[in-house]
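Notes for the one structure printed next.
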There are 2 protein chains.
Amino acid sequence: MGKKIEKIRCDCTVIHEDIVNKVKILMPEEDSLLDLAELFKLFGDPTRIKILWALSESEMCVCDLAFLLNMTQSAISHQLRLLKQSRLVKNRKEGKVVFYSLDDEHVKRIFDQGMIHVKEKLM
Amino acid sequence: MGKKIEKIRCDCTVIHEDIVNKVKILMPEEDSLLDLAELFKLFGDPTRIKILWALSESEMCVCDLAFLLNMTQSAISHQLRLLKQSRLVKNRKEGKVVFYSLDDEHVKRIFDQGMIHVKEKLM
DNA sequence: TATACATATGAATGAGTACTCAAGTGTTCA
DNA sequence: TGAACACTTGAGTACTCATTCATATGTATA
C-alpha cells in the first residue's frame, strides 16, 4: 500500500512555529527580493564588477574599457547594455564615441561594503 | 593582401591615455575583484537571498527554511552548503537538528545597501 | 562618396549552475 | 534494534548566460 506520504511540513516548523511565523510576517515582498537578487547578480560577474569599478573612478568609453580589461569591444558592449538596462550606468554621446558613467551613487557604496567583507574574510 | 590587421589598441585609449592609465594604476588586484564578484554572485540568487534575509532575522534549521521558502530540504541544503563554504553562514548541531545563522555582520549591511538601491529605482 | 572608426546587436556555442531524484549518514526514541 | 526524522550528497537535467563571430548602424574625415 502507499506508505510514503509526502511530508507537507516537517515537525520542526511546528516546534519552531513562533519564530517561523514571525519571520514569515517580516519577510519583504517577493518582488523586492527578486529585484535585489537581480541587482546583486549584476555585481556578481568579474567583467561587470570591473566595469563598475572603473566607471566609479572615471567616465570612460567602450573602447577604453575594452583596453583596460583586455577584452573585446563586443563583450564589453554586451555587458554595458545589461548595466544600462538596470540603470546602473548611463551614457552620453560625443561624436562617434559613447562615454559611460555610473548612474547611481549607491553603486560605489555597495561595492565598498562588499570589499570590506572580502578583505576581512582573508584573515 | 592581408588588409585586416587586428587592432591591438583603439585610438581612443591613446587620446584618453592619461585617464586610462590612472584608472589602471588604481585598479584593485585581480584576485580581490574575483572574490568580490564571487561574493555578490552568492547574493544574486533568489533562493540564497531569501535564506540570507531569513537568517538575518533569526537562526533557523534547514527544515524551517524549506517550509518558509516553500522549497525542498534538498534544494535548501545545497544552497546552505555554498553559503557555508563562503563563510556567509555557520551552523550548530542540536541533536538531529542543524541550526544555521549568519556568520558575518556584514551580510545584513550589504543586503540593506542593495535594498536602498532597489527601493529608489522603483520611483 | 568611400573609408576608417566606435559602437551595437543577433545568433551560436560552451561553461556554469539550481533544482530534482535517489540514496546516503547520523540521531532520537519507542 | 528498528523506525522515523533531519539532513547531506552525488548524479542527472534543464536552463541561464558570458563570450565570440559576423554583421549592422552611425559618425567623422579624407
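Chain A is the first sequence line, chain B the second, and so forth, proteins listed ahead of strands; every chain is numbered from 1.
- Distance A:Leu42 CG to D:dA18 P: 9 Å, rounded to the nearest Å.
- Among the candidates B:Leu68, B:Leu65, B:Asp64, the single residue satisfying the side-chain contact (heavy atoms from CB on, under 4.5 Å) test with A:Thr13 is B:Asp64.
- For C:dA8, the OP1/OP2 oxygens have a side-chain nitrogen or oxygen of A:Tyr100 closer than 4.0 Å.
- Cluster membership for B:Leu42 and A:Leu42, using ILVMFWY side-chain heavy atoms within less than 4.5 angstrom, is shared.
- Ring-plane geometry between B:His117 and A:His106 is classed as perpendicular, the angle between the planes exceeding 60 degrees on a 0 to 90 degree scale with a lower cut at 30.
- To the nearest angstrom, C1' of C:dA8 lies 13 Å from CD of A:Gln85.
- Distance, B:Leu83 CG to C:dT17 P: 14 Å, rounded to whole Å.
- Using a 4.0 Å heavy-atom cutoff across all strands shown, B:Leu82 reaches sugar-phosphate atoms only and no base atom.
- The minimum heavy-atom distance linking A:Leu34 with B:Pro46 is given by the pair CD2-CB, 3.7 Å.
- Of the possible donor and acceptor atoms, none in the side chain of B:Arg92 sits under 3.5 Å from a partner among the backbone N and O of B:Ser101.
- Going from atom CG of A:Asp64 over to atom C1' of C:dC5 covers 14 Å, rounded to whole Å.
- Distance B:Asp11 CG to D:dA30 P: 12 Å, rounded to the nearest Å.
- Of the candidate nucleotides D:dC7, C:dA8, C:dT9, C:dT9 has the atom nearest to the side chain of A:Arg81.
- The aromatic rings of A:Phe40 and B:Phe43 are tilted relative to each other, their planes meeting at an angle between 30° and 60°.
- In this structure, the CD1 atom of B:Ile49 is 13 Å from the P atom of C:dA18, given to the nearest Å.
- One atom, CG of A:Leu80, and another, P of D:dA18, lie 13 Å apart when rounded to the nearest Å.
- The phosphate of D:dT16 (OP1 or OP2) has no side-chain N or O of A:Lys41 nearer than 4.0 angstrom.
- The interatomic distance linking A:Ile76 (CD1) with C:dA8 (P) rounds to 11 Å, in whole Å.
- For C:dA18, the OP1/OP2 oxygens have a side-chain nitrogen or oxygen of B:Arg48 closer than 4.0 Å.
- Exactly one of B:Leu88, B:Leu52, B:Leu83 qualifies for a side-chain contact (heavy atoms from CB on, under 4.5 Å) with B:Leu102. That residue is B:Leu52.
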(request) Going 5' to 3' through nucleotides 19-30 of chain C, assign each nucleotide B (protein heavy atom under 4.0 Å from a base atom), S (under 4.0 Å only from sugar-phosphate atoms) or - (no protein heavy atom that close). (result) SBB----SSS--
